[in-house]
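Note sheet for the following structure.
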Amino acid sequence: MNDLITISTLQLFKLFPDAESARSYIEARRWPNGPVCPVCGLGERVHARAGGYYRCGQCKEDFTVRTGTIFERSHVPLHKWLYAMYLLVTSRKGISSLQLSKEIGITQKSSWFVLQRLREACGKNLDTLRGIVEIDVTYIGGIEANKHQSKKLRRGRGAVGKSAVLGMRERGGRTIAMHVPDVSTASLHRAIHTHIEPGSTLHTDEAAAYRGLNGLFFKSESVNHSAGEYVRGAVTTNGIESVWAVMKRGLHGVYHHASAKHLNRYVGEFAFRLNEGNVKQHTLARLDALIAASAGRRITYKELIA
């Protein structure tokens, strides 16, 4: 492999020309010390069988590298899964299910399912942020004035009919974003205390919901957007707002619409791309991060459309 941090589509195809090469790659990442049974968690008595199957001598269960992951019970070959993962982590604004279906030769319905499974893996974020953390809320949804008369809610302007997304970005570090049911003080404070380490410094706007954060657990400073203040010394929320700019371009330009039901997965995809999918990391390192996140994350088509 050369010293470049990115690989081309042609290079990817040379690395993984078929399902068998992709299976070997994923196995090496998931089980660096040899196959481990996903049922009992042991690897001492695992025996290889034909077709990529393994049998655990301890619990007598058969399994493959797909078992217990987002790939489980999928008929899409693993090298096509790897290409879909490659496109997801390298496409700055995402890739539509229609485009993916053309790229890997499956139906649009199947490619939508593949992307939703990948987004499910992207949402696996157990990190906490620290240091200076910028916090902001944005709203996703159609503009009320642009809606058909029969779909207008007629409840005023602004955030009417839209879904709220809370974003937290560590200065020079990681980003966590999530769909929140409302922007009440209780909802925002709960998310902030869950994902940000005590002792951190919070930068917010002047919204009333952030009041009460400056005290025992955090130091909080704000900029007054309504008065035209966006930067005061080192205090700003421009970093997290730049995340919204990219995310909204992707949602509007690539996906066109994300329902409130699935919005958290789309938001998780964009956050993952900023973190593990950062362009400063080698393409294969980004793929490895998504493979690692795929374990223990499974969602069925029935659950998705329920």
Side-chain angles (χ1 to χ4, degrees), residues 1-2 6-39 41 43 46-56 61-91 94-122 124 265 269 272-273 276-277 281-304:
M1 187 62 61
N2 57 35
T6 59
I7 62 173
S8 66
T9 301
L10 181 60
Q11 289 173 305
L12 185 81
F13 289 159
K14 288 181 178 179
L15 286 172
F16 313 114
D18 51 35
E20 184 61 25
S21 58
R23 179 179 69 82
S24 297
Y25 181 79
I26 294 172
E27 284 186 358
R29 268 62 193 169
R30 188 179 179 194
W31 302 320
N33 299 314
V36 176
C37 176
V39 178
V46 172
H47 308 287
R49 307 186 74 188
Y53 280 85
Y54 296 89
R55 170 160 288 184
C56 177
E61 291 288 337
D62 291 336
F63 63 93
T64 71
V65 73
R66 293 175 181 257
T67 307
T69 72
I70 59 171
F71 314 121
E72 188 168 354
R73 294 184 179 275
S74 168
H75 297 293
V76 177
L78 286 176
H79 64 303
K80 292 190 176 185
W81 270 102
L82 277 181
Y83 184 40
M85 296 165 81
Y86 168 85
L87 292 172
L88 186 139
V89 299
T90 57
S91 302
I95 181 170
S96 69
S97 59
L98 182 60
Q99 182 63 33
L100 180 63
S101 70
K102 297 175 182 177
E103 294 280 355
I104 64 177
I106 61 177
T107 66
Q108 190 270 337
K109 179 180 177 181
S110 294
S111 64
W112 179 82
F113 191 24
V114 164
L115 285 171
Q116 291 290 26
R117 286 192 180 195
L118 290 175
R119 293 183 187 113
E120 183 71 13
C122 290
K124 186 179 181 181
R265 293 189 187 90
E269 174 197 335
F272 184 91
R273 206 157 30 239
E276 284 80 0
Q281 299 186 57
H282 195 283
T283 305
L284 292 182
R286 289 181 258 169
L287 273 180
D288 291 349
L290 192 47
I291 290 171
S294 70
R297 305 285 289 190
R298 182 169 177 247
I299 188 166
T300 66
Y301 190 79
K302 185 177 181 180
E303 290 172 326
L304 278 172

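- A donor-acceptor pair under 3.5 Å is formed between the side chain of Y86 and the backbone N or O of I7.
- Note that NZ of K14 is 7.5 Å distant from OG of S8, once rounded to the nearest 0.5 Å.
- S101 meets the side chain to side chain contact (heavy atoms under 4.5 Å, CB included) test with L98, Q108, S111; sequence neighbours excluded.
- T9 places a side-chain heavy atom less than 4.5 Å from the side chain of Y83.
- Nearest heavy atoms, I70 versus R117: O-NH1, 2.5 Å.
- Considering only residues two or more places apart in sequence or on other chains, R23 meets the salt bridge (Lys or Arg N to Asp or Glu O under 4.0 Å) condition with E20, E27.
- Applying the side chain to side chain contact (heavy atoms under 4.5 Å, CB included) rule to K109 yields the partners T107, Y301; only residues at least two apart in sequence or on another chain are considered.
- The nearest pair of heavy atoms linking F63 to V46 is CZ-CG1, 3.8 Å.
- The side-chain heavy atoms of L12 and T283, taken from C-beta on, include no pair separated by under 4.5 Å.
- For the pair T69 and I26, the minimum side-chain heavy-atom distance is 4.5 Å or more.
- Two residues are said to be in side-chain contact when any heavy atoms from C-beta on lie closer than 4.5 Å; L284 and Y25 meet this criterion.
- Every side-chain hydrogen bond (donor to acceptor under 3.5 Å, both in side chains) that S21 has, sequence neighbours left out, goes to D18.
- Separating the CD atom in Q99 from the CG atom in L87 is a distance of 8.5 Å, to the nearest 0.5 Å.
- Taken from OG in S74 to CZ in R298, the straight-line distance is 10.0 Å, to the nearest 0.5 Å.
- The shortest side-chain heavy-atom distance between L100 and K80 does not fall under the 4.5 Å cut-off.
- Annotation: the span from T67 atom OG1 to R73 atom CZ amounts to 9.0 Å, rounded to 0.5 Å.
- Summarising the geometry of A121 relative to S294, their closest heavy-atom pair is CB-CA, 4.0 Å, with the distance given to 0.1 Å.
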Given side chain to side chain contact (heavy atoms under 4.5 Å, CB included), test L88 with R273 step by step and report yes or no.
CA-CA 8 Å; L88 186 139; R273 206 157 30 239; 4.0 Å; yes
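- Within the 4.5 Å cutoff, the side chain of R66 has heavy atoms near those of the L78 side chain.
- Put simply, the side chain of R30 never gets that close to the backbone of I291: no donor and acceptor are under 3.5 Å apart.
- Formation of a donor-acceptor pair under 3.5 Å by the R119 side chain with backbone atoms of E269 is not found in this model.
- Rounded to the nearest 0.5 angstrom, E61 CD and R55 CZ are separated by 9.0 Å.
- The side-chain heavy atoms of L118 and M85, taken from C-beta on, include a pair separated by under 4.5 Å.
- R29 places no side-chain N or O within donor-acceptor distance of the main-chain N or O of A292, the cut-off being under 3.5 Å.
- Partners of Y53 by ring pair (Phe, Tyr, Trp, His ring centres under 6.0 Å), not counting sequence neighbours: none found.
- You'll find the side chain of L290 reaches within 4.5 Å of the side chain of F272, heavy atoms only.
- Q11 contributes atom CD, which lies 7.5 Å from atom OG1 of T6 (distance to the nearest 0.5 angstrom).
- Relative ring orientation between W81 and F71 is described as perpendicular, the plane-to-plane angle rising above 60° on a 0-90° scale split at 30° and 60°.
- Take R265 and apply the salt bridge (Lys or Arg N to Asp or Glu O under 4.0 Å) test, not counting sequence neighbours, and it matches E120.
- Here the side chain of E303 pairs a donor or acceptor atom with the backbone of T300 at under 3.5 angstrom.
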Run the side chain to side chain contact (heavy atoms under 4.5 Å, CB included) test on L82 and L15 for me, step by step, so that the C-alpha distance in whole Å, both residues' side-chain angles and the decisive distance to 0.1 Å come before the verdict.
CA-CA 11 Å; L82 277 181; L15 286 172; over 6 Å; no
